Amino acid sequence: MMIVNKTQELARINLQNKLDATKTQAEKNQFGQFATPTELAKDILQYCIKLLPKQKIRFLDPAFGTGAFYSALLNLFPISEIDEAIGYEIDPHCGQEASQLWSQTKLKLNIADFTTCIPPKFDAAKANLIICNPPYTRHHHLTKDEKLRLQNLTEKITGIKLSKLAGIYCHFLLLSHGWMAKNCLAAWLIPSGFMDVNYGQQIRDYLLTQVTLLRVHSFEPKDMQFKNVLVSSSVVWFRNKIPSDNHQVEFTYSGSLTKPKKSKLISVAALKNVNKWTNIYKLDSSIKIDIQGVKLSELFTIKRGLATGANDFFILTPEQISKYQLPLQFLTPILPSPRYFSVDEIEADALGNPILERQLFLLSCDLSKNEIQFQYPSLWQYLQMGIKKGISNRYLCKHRRLWYQQEYRKSSALVCTYMGRQDGLKRTPFRFILNHSQATVTNVYLILYPKFELEDIFKKNPDILRNVWQILNQISLDILISEGRVYGGGLHKLEPRELGNVPADKIIEIIPSFKS
């Protein structure tokens, strides 16, 4: 006999919609409140049925919301099989409404911050089924004191000290360990980022050493599970049990939880040697997970382009330069955003400026305010405009010695776009650009500075430089995507270190002096 019918679930959905309407998108982002879709909640619980032994269920949801998982639990399990159900909800308004909605059931809903609550001491009082969609609150929204408190708590419970860059969902996952009975089954709906990013390493270590990881399913980035949030999602199942030496984890990708498009089994021992878990099911079988050989970081120093803190003020067109009569000695050519040009090779004029329809220049000055005021009055007037607009008080600007002096990034012959989307023709979201100009770049690019004598080789033999550029543009799309990370909506991104991990053996082959 099912306790939840369609009418009751519809009432929950209507309540969720009503509560969502009371919050702005900014508030949802700050508190990480994104409701679980009904069908996804059912699919997660449906898979749990296959994993649960015959026993009375002691259910826990540390981020209850209106109860999507609880509703699915009541829909799929006979009430006679549910011993108790406990939830935690930090939002008083949501918690009170949810308490009233489920008042005729076994639910005990605590209106409290789960991260401040003390887990039961005895195993018999702990949960044997935890299902959770934790808040997706990024570290930017956590105060320094809050981060320290959460770090100390997670370290106390698991022995793992999370990075200060970890979102609150990481803390929820680790803190729940103290609430798990022996052999407890857990299913977590979390961002896929933990599989790629550096701060996710501690989460990956936990899943491989302290519990038995059963399955990881990742949705395609374009198949976002939550509205109005650019984050790709995964569902992770594990059991509170130390894994056996030969245990294998199932990785599934795309499609639905019940009908994934891709599936792969990999041992825990092998997983410990895999840098990025997204490599496992997204790479073609012809590409090895651990790529050996020379990497780009051994041939190039890779840096992100400069961040001005106010592009609309510091990056100017020739017309603006003329209008404000800005002195040319404080202006450097800079490439526009890659969306403004389609060519991948940029020629230069006699002055070293890029020959592009959209020409831009970066304003930067290392003179003191007094020197500028007396020697360059037109520049002084322009900077006063920036002060009135609040530019000088923006985060990056106010943390500089001189708020109008940019960090130095010399031009390079090779730059790569930092992020992008794969188009319908399956072309790479990353473009390697051959830059013959003296233009520097902003942080929407990665700069490849040749190491050792490689720069001299490029100057003496431009054909080798061109060949290297062509090799870079021929790098497999799968390799670039697997080294980088992906966000909801299919937005791919490469950090300097990630681009540095890309193999460079083909470049070595065309430069004999580098073969050693």
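Remember, predicted model here, so these are calculated numbers, not experimental data.
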Task: Arg394 and Ile391, any side-chain heavy atoms less than 4.5 Å apart - done: yes

TODO: Go through the steps for Gln202 and Ser163 under the test side chain to side chain contact (heavy atoms under 4.5 Å, CB included), then give the verdict.
DONE: CA-CA 8 Å; Gln202 292 101 338; Ser163 163; 4.2 Å; yes

Open item on the list: Do Leu45 and Phe77 have side chains that approach each other closer than 4.5 Å (heavy atoms only, starting at C-beta)?
Closed with: yes

Open item on the list: Can you confirm whether Lys106 is buried at NZ, in the sense that more than 12 heavy atoms of other residues, nucleotides or ligands lie under 6.0 Å from that atom?
Closed with: yes

Task: Validation row: Pro260, Arg215 side chains within 4.5 angstrom (heavy atoms) - done: yes

Task: Minimum heavy-atom distance between Arg204 and Asp196, given as atom pair plus value - done: NH1-N, 3.7 Å

TODO: Pick out which of Ile131, Leu40, Ile130 makes a side chain to side chain contact (heavy atoms under 4.5 Å, CB included) with Phe69.
DONE: Ile131

Task: Exceeds 12 heavy-atom contacts within 6.0 angstrom, atom CG of Asp312 - done: yes

Open item on the list: As an exercise, state the distance from CG of Leu360 to OH of Tyr340, rounded to the nearest 0.5 Å.
Closed with: 9.0 Å

Open item on the list: Donor-acceptor check, side chain of Glu84 to backbone of Arg58, threshold 3.5 angstrom: yes or no?
Closed with: no

TODO: Indicate the atoms forming the closest heavy-atom contact of Ile190 with Pro134, along with that distance.
DONE: CG2-CG, 3.8 Å

Open item on the list: For a quick test of reading the model, state the closest non-hydrogen atom pair linking Gly87 to Leu107 and the distance between them.
Closed with: N-CD1, 4.0 Å

TODO: Taking the side chain as every heavy atom from C-beta outward, state whether Val236 and Leu213 have any pair of such atoms under 4.5 Å apart.
DONE: yes

Task: Centroid-centroid under 6.0 Å between Tyr88 and Trp179 rings - done: yes

Open item on the list: Is it true that Ser234 and Ser218 share a donor-acceptor pair across their side chains at a distance under 3.5 Å?
Closed with: yes

Task: Over 12 foreign heavy atoms within 6.0 Å of CD1, Ile242 - done: yes

TODO: Please determine which of Tyr136, Phe114, Phe194, Trp188 meets the ring pair (Phe, Tyr, Trp, His ring centres under 6.0 Å) test together with Phe172.
DONE: Phe114

Task: Geometric class of the His217/Phe219 ring pair [parallel <30°, tilted 30-60°, perpendicular >60°] - done: perpendicular

Task: Side chains of Trp237 and Leu257 in contact at under 4.5 Å (non-hydrogen atoms) - done: yes

Open item on the list: Can you confirm whether Lys182 sits close enough to Lys126 that some side-chain heavy atom of one is under 4.5 Å from a side-chain heavy atom of the other?
Closed with: no

Open item on the list: Quick check: do Leu76 and Gln46 have side-chain heavy atoms less than 4.5 Å from each other?
Closed with: yes

- [ ] Using a strict cut-off of less than 4.0 Å between a Lys/Arg side-chain nitrogen and an Asp/Glu carboxylate oxygen, indicate whether Glu407 and Arg400 qualify as a salt bridge.
- [x] no

Task: Donor on one side chain, acceptor on other, Arg149 and Thr116, under 3.5 Å - done: no

Task: Rounded distance [0.5 Å steps], CD1 in Ile160 versus OG1 in Thr209 - done: 5.5 Å

- [ ] Could you pull out the closest heavy-atom pair between Tyr199 and Ala166, with the gap in Å?
- [x] CD1-CA, 3.7 Å

- [ ] Calculate, to the nearest 0.5 Å, the distance between atoms CG and CD1 belonging to Leu73 and Ile79 respectively.
- [x] 10.0 Å

Open item on the list: Students often mix this up, so state it plainly: with edges at 30° and 60°, are the rings of Phe238 and Tyr206 parallel, tilted or perpendicular?
Closed with: perpendicular

Open item on the list: Minimum heavy-atom separation for Ala41 and Ala68, please, with both atom names.
Closed with: CB-O, 3.7 Å

Task: Glu9 versus Thr38, side-chain donor and acceptor atoms under 3.5 Å - done: yes

Open item on the list: With a 3.5 Å distance limit and no angle check, can you tell me whether Trp102 reaches the backbone of Thr66 through a side-chain donor-acceptor pair?
Closed with: yes

Open item on the list: Quick check for you: to the nearest 0.5 Å, what is the distance between Ser392 atom OG and Met385 atom CE?
Closed with: 13.0 Å

Open item on the list: Testing the basics here: between Lys164 and Gln151, what is the closest heavy-atom pair and its distance to 0.1 Å?
Closed with: CG-NE2, 3.5 Å

TODO: Would you indicate whether the side-chain heavy atoms of Ile315 and Leu362 approach each other to under 4.5 Å?
DONE: yes

TODO: Please check if any side-chain donor atom of Asp113 sits under 3.5 Å from a side-chain acceptor atom of Thr115, or the reverse.
DONE: yes

- [ ] Look at the aromatic rings of Tyr70 and Phe64 and report parallel, tilted or perpendicular, splitting at 30° and 60°.
- [x] tilted

Task: Heavy-atom neighbours of Arg497 CZ exceed 12 at 6.0 Å - done: no

Open item on the list: Working to the nearest 0.5 angstrom, can you tell me the gap between Ile203 CD1 and Thr154 OG1?
Closed with: 8.5 Å

- [ ] Decide side chain to side chain contact (heavy atoms under 4.5 Å, CB included) for Leu271 and Phe251; before the verdict, give the C-alpha distance in whole Å, the side-chain angles of both, and the deciding distance to 0.1 Å.
- [x] CA-CA 11 Å; Leu271 272 175; Phe251 281 80; 3.7 Å; yes

Task: Any donor-acceptor N/O pair, Arg12 side chain to Ser71 backbone, under 3.5 Å - done: no

Open item on the list: For the OG atom of Ser267 and the CG atom of Asn273, what is their distance to the nearest 0.5 Å?
Closed with: 8.5 Å

